[in-house]
Every structure is written in C-alpha cells, then in structure tokens.
Amino acid sequence: MWQNPGVFPGDQSAQGGYPQGGYPQGGYPPPGGYPQGGYPQGGYPQAYPAAGYPQGVPGGYPTPQPGFQPGYGGAGYGEPAGYPGPGQGSLGEDADVKGFDFNEQSIRKAFIRKVYSILMCQLLVTLAFITLFVYHQPTQMWVRRNPYMFWIAFAVVIFCLIVMSCCGNVRRQAPMNFIFLGLFTVAESFLLGVTSSMYDGTAVMMAVGITAAICLTLTIFAMQTKYDFTAMGGILLCATIVLLLFGIIAMFIPGNRIVTLVYASLGALLFSVYLVYDTQLMMGGKHKYSISPEEYVFAALNLYLDVINIFVYILTIIGASRD
C-alpha cells in the first residue's frame, strides 16, 4: 500500500524521489515478489530527486533495462492502470485507413470531384458522337446501311449495365470498372448518335442546350435545398413502373402527338427528380441516405443515365412539337 494514497509515482508534485541510480539492473525482485506479498515496507520515496529526471531521456523517465517487466497496470512504470500499452491502442495498425469516416468532408469532396470528372468525360464523348452523326452525312448513310450495328450497341449497353449494377466487385476494382464504364459510354453514345440523326440538327442542338440548362439548375438546387430527396426511392420506383406501363400502352397508339408529348413530358419530369435524388445520394452529409465513396463509378453512371434520359425526352418533345 502507498504511504501517501493521494500521490502517484508519475505525479511531479510529489515530495521526495526515486532512489539515486534508477531501477535495479536485474529488473524486479525474483518471482517470490516483495516481502509479505506486497511492496517494500515503508512505501516508495516521498519525492523525486531534486535535480529531476535525467536529461535527454524522452519524458524524463529512466531508460528501462533489458528484461524489464510491465509495472503497475500499463505498458511500463509510471503509467496509470488501464493505460494502453504498445499494440493495445484504440486505433491499432492502419489507423489512418480504418479510422476514417467516409462522411468526412474532405473525403466526400474528393469523391464528388472524381464523380463529376468522370461524368464530364462521358458527356463529352456522347456529345462528340451526336455531333458526328447529326452533321456528317457519310456516317448517317453508313448507319442506315448497317442497322445491325444498332442492335450490337444495344446489347453491349444492356450487358454492361447489368454487370455494373449487379456485380459490386466489378464496379469497385480498377481498371475493370473503367473498362466496363468506357464500353457502356461508347455504346450508349452510339445509340444516341443514331437516334439524333433522325432529327433536324437545330432541334438536336436545342435539346442539348435545354438539357444542359436543366441539369445545371437541378444540380445547384440539389446542393442548396433543405429538402431531403434521398428518402423518395420507393416513390421514384413506383413512378418509373407507371411510366414504363404508360410507354407500353403508348406503343399501341402510334401517330398520336398528344400521347407522345404527355409521355415525354412525364419522362423528363421523372428523370429530373432522379437527377436531384442521385446528386444528394452522392453528396451525403445531412441527407438520410448516401452512396459510399468507393462507388464513384456507380455514382457517375447514375448521373449519366439521368442526363441522357432527360436529353432523349426533351428531344422527343421538340420533335413531336415540330412534326
């Protein structure tokens, strides 16, 4: 037991000190322990040496001798009971990785920058295909003479979309995720180019401008609004099914411009809400649900699909109104 219960050996306010010369060279006494099963009679000295601890030793403690055993409940002498020793810390190895919260602001900002960088590359490729197919007459004639290319591109789009949506390892591991995303982007851009070649060039460029304005406005709105759209996943799913059924019914009413305009308007509205929803999922933070920063390819894919669907429906509206 301590002579002075209120004084701990590591407290520099204590009076007295350790014995001159530090701890014994051979460590603590033999396994028999201290006399009477306890500490030496009379307790520890009442104060540290007047000159303090030896200079040049980290923390001022004497350097432990070989064979030194842990002291009073820690990694060594002078540490309170319960103090974690080497390898017993709260973080452990790879603490800089395991200790990160993916909602941390710096990580989330880097994730957003990566997603929008990928999205911009996708949109530039798509715009290049659309421009080529709309304004280059030989390309238009080649596509019309080889309609099988349309169905090959359509099959590639469906295959890549299913793989990236259902196989988490594929869309998370580089370079496999970029390979599938690149194939999907090229095939989808080819389909959009073929579709745009059926319309007048002025109508196509008007649809591109309107789509860009809508997407920019909705992105700013999603980042600034206090409303949380991430809780609307179930509602959006139901609305998508309704729109799909409406489209199937509209197939049996060909040539009806009113039905086409209504269908395209509902589609543009639905995917505008999807754009806000996916943007807030990517932002995380204050929203109810968020997407992991590991899913940067999947996040870019979602935003890309929203943008091109808005473009297709806007182009349909312009084409139907100019019929």
Side-chain angles (χ1 to χ4, degrees), residues 111-134 139 142-144 146-198 204 207-208 211-212 215 219 233 236-237 239-241 243-244 247-248 267-268 270-279 281-282 289-316:
F111 165 67
I112 293 173
R113 286 194 298 268
K114 184 181 293 186
V115 170
Y116 276 114
S117 298
I118 297 173
L119 178 62
M120 289 300 105
C121 293
Q122 290 179 280
L123 294 178
L124 288 175
V125 172
T126 303
L127 183 59
F129 269 82
I130 291 174
T131 304
L132 177 65
F133 278 77
V134 170
T139 303
W142 178 80
V143 170
R144 291 173 184 175
N146 301 276
Y148 66 90
M149 293 297 298
F150 179 89
W151 298 109
I152 292 177
F154 183 77
V156 172
V157 166
I158 297 299
F159 173 74
C160 292
L161 190 60
I162 292 176
V163 170
M164 286 190 291
S165 299
C166 300
C167 303
N169 293 332
V170 172
R171 66 173 183 261
R172 294 191 189 102
Q173 295 180 356
M176 189 64 65
N177 52 2
F178 287 106
I179 293 174
F180 274 89
L181 185 64
L183 289 174
F184 174 84
T185 302
V186 172
E188 184 66 35
S189 300
F190 182 87
L191 294 180
L192 288 176
V194 173
T195 303
S196 301
S197 66
M198 306 300 175
V204 173
V208 169
T211 302
C215 293
T219 300
L236 291 176
L237 176 61
T240 305
I241 295 175
L243 182 67
L244 177 63
I248 294 175
L270 175 62
F271 281 96
S272 296
V273 180
Y274 261 118
L275 181 61
V276 177
Y277 171 80
D278 290 328
T279 301
L281 279 180
M282 177 189 61
Y289 299 106
S290 62
I291 190 169
S292 169
E294 296 180 351
E295 300 282 3
Y296 53 90
V297 168
F298 191 62
L301 176 65
N302 288 338
L303 294 176
Y304 177 73
L305 288 173
D306 296 336
V307 172
I308 64 174
N309 275 288
I310 293 174
F311 167 75
V312 169
Y313 286 119
I314 293 295
L315 184 60
T316 304

Practice item. Output yes when a side-chain donor or acceptor of Arg171 lies under 3.5 Å from a complementary backbone atom of Ser165, and no otherwise. Key: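 Side chain of Arg171 to backbone of Ser165, a donor-acceptor pair under 3.5 Å: yes, one is there.
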**Study point:** Check: Gly193 main-chain N/O paired with Ser196 side-chain donor or acceptor under 3.5 Å
**Key:**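 No, because the side chain of Ser196 does not come within donor-acceptor range (under 3.5 Å) of the backbone of Gly193.
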Exercise for review: Begin with the C-alpha distance, continue with both residues' side-chain angles, and end with the deciding distance and a verdict on side chain to side chain contact (heavy atoms under 4.5 Å, CB included) for Thr195 and Phe133.
Suggested key: CA-CA 9 Å; Thr195 303; Phe133 278 77; over 6 Å; no
Review point. Near Tyr116 OH, under 6.0 Å, is it more than 12 heavy atoms from other residues, nucleotides or ligands?
Key: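 Yes, because the 6.0 Å sphere around OH of Tyr116 holds more than 12 heavy atoms from other groups.
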Taking side chain as C-beta onward, heavy atoms only, is [X] less than 4.5 Å from [Y]?
X	Y	value
Val276	Ser272	no
Phe184	Val156	no
Phe311	Ile130	yes

Check your understanding: For Ile112 and Met282, what are the C-alpha separation, side-chain angles and deciding distance, and is it a side chain to side chain contact (heavy atoms under 4.5 Å, CB included)?
Key -> CA-CA 7 Å; Ile112 293 173; Met282 177 189 61; 4.1 Å; yes
Practice item. Locate the shortest heavy-atom distance separating Ser189 from Tyr304; write the atom from each residue and the value. Key: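 Shortest heavy-atom contact: OG-OH, 3.7 Å.
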Point to revise | Ile310 to Ala268 - nearest heavy-atom pair and separation | key: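 Heavy-atom minimum between the residues: CG1-O, 4.4 Å.
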Review point. Would you call the rings of Phe178 and Tyr296 parallel, tilted or perpendicular, where under 30° means parallel and over 60° means perpendicular?
Key: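 Rings of Phe178 and Tyr296: tilted, as their planes differ by 30° to 60°.
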Review point. Parallel, tilted or perpendicular: which fits the ring planes of Tyr274 and Tyr277, with parallel below 30° and perpendicular above 60°?
Key: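 Perpendicular.
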**Study point:** Option passing side-chain contact (heavy atoms from CB on, under 4.5 Å) with Asp306 (candidates Thr279, Leu301, Leu270, Asp278)
**Key:**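 By the side-chain contact (heavy atoms from CB on, under 4.5 Å) criterion, Asp306 pairs with just one of Thr279, Leu301, Leu270, Asp278: Asp278.
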